[in-house]
Amino acid sequence: MKIETIAIHAGNKTDEATGAVIQPITLSTTFERATDGSFPAGYIYGRAANPNRSQLENVLAKLEGGIDAAAFSSGNAAGMAVFQSLKPGTHIILPDDMYHGLRNQLKNLFAGILEFDFIDIDNNDLLQKHIKPNTGLIWIETPSNPLLKVTDIKKVILTAKAHNIKVACDNTFATPVLQQPLALGADIVMHSSTKYFGGHSDLTGGALVTPVKDEWWTKIRQVQEQGGAIPSPMDCYYLARSIKTLPYRVAGHVKNAQLLAEWLQKQPSVEKVLYPGLPDHPGHAIAKQQMKGFGGMLSVCFKGGETEAKKVVNSLKIFTQATSLGGVESLIEHRASVEGPDTKTPLNLLRISVGLEHIDDLIADMEQAMR
Ligand SMILES: *Cc1c(COP(=O)(O)O)cnc(C)c1O
């Protein structure tokens, strides 16, 4: 089945008891046992599993071409489950440009428990140099946040496999509509469902998807169930509902982002536009190989520095100045000030989550703000 069909059907189960076409929301935290002590429907307790969560996990697994998925209460909880599943003392290699919330999580919560290096992962010599006997995981994020760097997934996996190292890929920016890391050999895919999966900036969630039910996956399931960072049945329901339109929303985001990037690039006050869909982007060729589209995220740097960037952000009327991404509405933010004092993000950079408004209105808004 194609992804449009999977998105609609794998996330829903017609209710046998009532005939309801849309699967009802099961709020019950506990499930009745039969006289022999068994659980006829397989559900025991809400933290362990819930029918809406099972349905969500089913569609997530199928979208990524995996065999199982685990849903979490946030993207960071999903990332944390990966880190917690590793043996203490494991060394992880991560990109120097990645979601700052997960970088902070490692630095603040895993210091002394895990070892980690943040490097330019696309530099293969550097990557090889950082591999140690206790390296157990390479983490990638492509396109990256907020510099839109593109990592050659296959190339990193080739290096990792040669050393028996697992590869996890944060696929939040691309979504499975545009990029399927498991098909390229990744061992696990991570998502912030808060972003494109949710799509309407109204819920927080995360997910992990696996191509095999191995020992590592069992451990991750333990972290999910025993750690307890699970999403509510309501959130699972809303997520499964939003995912039905994911492929069409993503197509719209991609189309608008490309047009906005091309327009921005022509403006005299713009120093550069970071968008993998532009032919002069350093990751364009690789993105073209491993992605079906270049995504809905872009960053733009202004010649007038931080002052100019902040002037633009404060003059926009349709773009909302807010963090996060992947919703139907366009969001823009001065990224460095969100990331805090230790940020490496350029001060003249604005990150844009291009929404699904009409592109003419978005461009007109940008034009008046840049005047
Ligand atoms: C938002 C985000 C996360 C973290 O997800 P939360 O749902 O905010 O916890 C991780 N990775 C990327 C790329 C993100 O954009």
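First listed ligand is number 1; within each ligand, the first listed atom is number 1. If you read the sequence from its start, that first residue is 1, and numbering goes on from there. Please read all numbers here as calculations on a predicted model, not as lab measurements.
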query = Quick one: which ligand 1 atoms are inside 4.0 Å of a heavy atom on M190?
reply = 10 (C)

key: Per-residue contact class, N76 against ligand 1 - non-hydrogen pairs under 4.0 Å   = both

query = Do G75 and ligand 1 have an N or O pair less than 3.5 Å apart?
reply = yes

key: For S192, atoms of ligand 1 separated by under 4.0 Å from a heavy atom   = 1 (C), 2 (C), 3 (C), 4 (C), 5 (O), 6 (P), 7 (O)

message = Which of the numbered atoms in ligand 1 are under 4.0 angstrom from any heavy atom belonging to G205?
response = 7 (O)

ask   = Starting from atom 8 (O) of ligand 1, which protein heavy atom do you reach first, and at what distance in Å?
value = Y99 OH, 3.8 Å

key: Flag side-chain contact, heavy atom, 4.5 Å: V209 against D68   = no

query = What protein heavy atom is closest to atom 15 (O) of ligand 1, reported as residue, atom name and distance in Å?
reply = K195 NZ, 2.7 Å

message = Under a 4.0 angstrom heavy-atom cut-off, which atoms of ligand 1 come close to S74?
response = 7 (O), 9 (O)

query = Think K195 forms a cation-pi with Y99, using NZ or CZ under 6.0 Å from the six-ring centre and within 45 degrees of its axis?
reply = yes

Distance filter under 4.0 Å to L325 heavy atoms, resulting ligand 1 atoms = 15 (O)

Student check: side-chain heavy atoms of Q290 and L184 closer than 4.5 Å = yes

message = Quick check on M98 - does any of its heavy atoms sit under 4.0 Å from an atom of ligand 1?
response = no

message = Under 3.5 Å, is there a donor on one side chain and an acceptor on the other for H191 and E64?
response = yes

Any G79 heavy atom less than 4.0 Å from ligand 1 = no

note = d(K272 NZ, L264 CG) to nearest 0.5 Å is 14.5 Å

inquiry  = Among T142, D96, D122, which residue satisfies the side-chain hydrogen bond (donor to acceptor under 3.5 Å, both in side chains) criterion with K149?
reply    = D96

request  = Give a yes/no verdict on a cation-pi contact between K344 and F118, requiring under 6.0 Å between NZ or CZ and the six-membered ring centre and an angle within 45° of the axis.
outcome  = no

note = Of all protein heavy atoms, the one nearest atom 11 (N) of ligand 1 is D170 OD2, 2.6 Å

key: Any Q23 side-chain heavy atom under 4.5 Å of P51 side chain   = yes

ask   = If we only count N/O pairs under 3.5 Å, is T194 in contact with ligand 1?
value = yes

ask   = Would you call the rings of F110 and F83 parallel, tilted or perpendicular if under 30° counts as parallel and over 60° as perpendicular?
value = perpendicular

inquiry  = Need the ligand 1 atom indices (1-based, order shown) with element for anything under 4.0 Å from a heavy-atom of E141.
reply    = 13 (C)

